[in-house]
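To start, the structure under review is shown below, and the notes come after it.
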There are 2 protein chains.
Amino acid sequence: MPAVTDNGSGPDGSAPDGDAGKARAVPEAAVARLAVYLRVLTTMAEQGAVTVSSEELSAAAGVNSAKLRKDLSYLGSYGVRGVGYEVGVLTEEIERILGLTRQHKVAVAGIGNLGHALANYGGFPGRGFPVAALFDVDPDLIGVPVGGIAVSHLDDIPAVCAERQVSIGVIATPPGAAQVVCDRLVAGGVECILNFAPVVLHAPEHVQVRKVDLAVELQMLSFHVASRDAGNPADGGPVSVTSAGTGVLSRASSNGEVV
Amino acid sequence: MPAVTDNGSGPDGSAPDGDAGKARAVPEAAVARLAVYLRVLTTMAEQGAVTVSSEELSAAAGVNSAKLRKDLSYLGSYGVRGVGYEVGVLTEEIERILGLTRQHKVAVAGIGNLGHALANYGGFPGRGFPVAALFDVDPDLIGVPVGGIAVSHLDDIPAVCAERQVSIGVIATPPGAAQVVCDRLVAGGVECILNFAPVVLHAPEHVQVRKVDLAVELQMLSFHVASRDAGNPADGGPVSVTSAGTGVLSRASSNGEVV
DNA sequence: AACTGTGAACTATTTCACAGCC
DNA sequence: GGCTGTGAAATAGTTCACAGTT
């Protein structure tokens, strides 16, 4: 029962989800895009936009307008026919559906290059994801503040996470340590895990696991180059322009670099 | 015509791809998984495995066996009925289809926290992706070697990339600089781009663009937590356990941390 | 006249289930 | 008997195209 497995909705394709209330089930693919729309909307709001049409917003988000409208329709009807969407309203609705109205404390395990970068990032995407705990095994690091938070030992993950009410665990350890760290995060009560380690994690079903894998990304790019060079003139078939559906870090350091 | 847009195969759904030769068109989703199988196979080979069944391999990769077999069938028929797959053969075939038989030189633009981590990583996933150039705007960084390679100025991207035959550009700059950097990478002849900056990039169609977005990942996790807490008892509907389909960094630093 | 919301058609992806081979 | 390869069925996701609203 690995959580990483894409076991759809389980064996039963049932669950007619008689959702009486608001939003109907939002497809996974749409959720990823909603996060992108949110970012675009924020930018637009900063530039003083009050309303947007599906055409404008979709262009800025790099999707087609029908898809955008369909995605937004999962939230309910917040647009005005003949006019468009109110930037403020849409922003709020997306934040609501994405659960951004509450804080999600983040713990980062593995303070190597990447972990360090994440820790220094101090406070993920536009508030809402404060880094609350850091973990490593290196004795030289324990107790040292990184990005304002003292590093604790990996052994203390369960206790510290429970105490600080961490809800998201980020694994940036080497592959060998990832599963143990995962288990401890789960023991500490985290609700979801973002895994940067190149291993398939096994976690209980109630824990959401997502992974970010640089090797996979590069190899997918390699595949596209290869399939263009190879046989068929155009790589055009089922495979072409892609988007990982995942995004990136958001603020600049003193040097103006990401993370 | 933004390359990041998931504009399928373009307006024409045609291209019956009369692939005479080997592999039939490999679906995008399968490509991502092939990279994972490859990693698992490598691990198994190290442990002395000579053959694997679809059951074993799929379990280790966190997918179901039917999916694995279907994925492998895109490569051709390299299994033996009643027996399984030869680890060595399968490894080679996957490497071939992913285009890992040739080197892909990588350039990293934006030597901030993340860029630094990537540069130090020195040589991405199991050879095949050597870092050949680094770029930044910071005068204090220009000329300084990071992970063995001197940092060049962003202005020199086209020249340096062309000269060093870079085929993959990694963007780790702040969002504001990303599009310019992208344009320069394209001018320098890179064939694909991995974008860590939280912006929608516009690139010519022949350039593959993939993005990795931490904000999106976190917000997707947030969504799942929210939808569990909220209305419906189980989050079960169409949305449940997920995998970004992307993976991670691969080697450990002296401290044993990823990247 | 401009623009949203959405059923219906289409395409992609996953899963089933079983024929065929060792 | 165990296991692969794959059509066919089921499910998920995208795009069309147009009715409905302001």
Between [N] atom [atom2] and [X] atom [atom1], what is the distance in whole Å?
X       : N      : atom1 : atom2 : result
B/Leu57 : D/dG5  : CG    : P     : 12 Å
B/Leu72 : C/dT13 : CG    : P     : 17 Å
B/Lys70 : C/dC16 : NZ    : C1'   : 10 Å
A/Asn64 : C/dC10 : CG    : C1'   : 14 Å
B/Leu34 : C/dT13 : CG    : C1'   : 14 Å
B/Arg69 : D/dG7  : CZ    : P     : 14 Å
A/Asp71 : D/dG13 : CG    : C1'   : 10 Å
A/Leu75 : C/dG5  : CG    : P     : 10 Å

> Do B/Ser54 and B/Arg69 have a side chain donor and acceptor closer than 3.5 Å?
Replying inline: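 Present: a donor and an acceptor within the cut-off.
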
>> Tell me if a side-chain donor or acceptor on A/Asn64 pairs with a main-chain N or O of A/Leu68 at a distance below 3.5 Å.
In response: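 Between the backbone of A/Leu68 and the side chain of A/Asn64 there is no qualifying donor-acceptor contact (under 3.5 Å).
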
> Which comes earlier along DNA chain D counting from the 5' end, the contact point of B/Ser54 or that of A/Val80, where each point is its nearest nucleotide?
Replying inline: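 So the residue in question is B/Ser54.
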
> At what distance, to the nearest 0.5 angstrom, does CD of B/Gln219 lie from CD1 of A/Ile94?
Replying inline: 9.5 Å

> If you measure from CD on A/Glu56 to OH on A/Tyr85, what distance do you get to the nearest 0.5 Å?
Replying inline: 12.0 Å

>> Any donor-acceptor pair, under 3.5 Å, between the side chain of A/Arg81 and the base of C/dT4, if you only look at N and O atoms?
In response: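 Looking at the base of C/dT4, it does pair with a donor or acceptor on the side chain of A/Arg81 (distance under 3.5 Å).
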
> Contacts to DNA chain D from residues 82-92 of chain B, heavy-atom cutoff under 4.0 Å, which residues?
Replying inline: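 Contacts with DNA chain D under 4.0 Å: B/Gly82, B/Val83, B/Gly84, B/Tyr85.
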
>> Could you check whether B/Arg102 pairs with B/Glu191 (Lys NZ or Arg NE/NH1/NH2 to Asp/Glu carboxylate O, under 4.0 Å)?
In response: yes

>> With a 4.0 Å cut-off on N to O distance, would you call A/Glu28 and A/Arg210 a salt bridge?
In response: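 A salt bridge is present here (some side-chain N lies under 4.0 Å from a carboxylate O).
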
> Given C/dC3, is OP1 or OP2 found less than 4.0 Å from the side-chain N or O atoms of A/Ser53?
Replying inline: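 Result: no.
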
> Reckon B/Arg33 has a side-chain N or O less than 4.0 Å from the OP1 or OP2 of C/dT14?
Replying inline: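 It does, given that an N or O in the side chain of B/Arg33 lies less than 4.0 Å from OP1 or OP2 of C/dT14.
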
> Nearest to the side chain of B/Ala29, which nucleotide is it out of D/dT6, C/dG5, C/dT14?
Replying inline: C/dT14

> Going through the checks in order, is the side chain to side chain contact (heavy atoms under 4.5 Å, CB included) test met by A/Leu194 and B/Leu214?
Replying inline: CA-CA 9 Å; A/Leu194 183 54; B/Leu214 182 58; 3.3 Å; yes

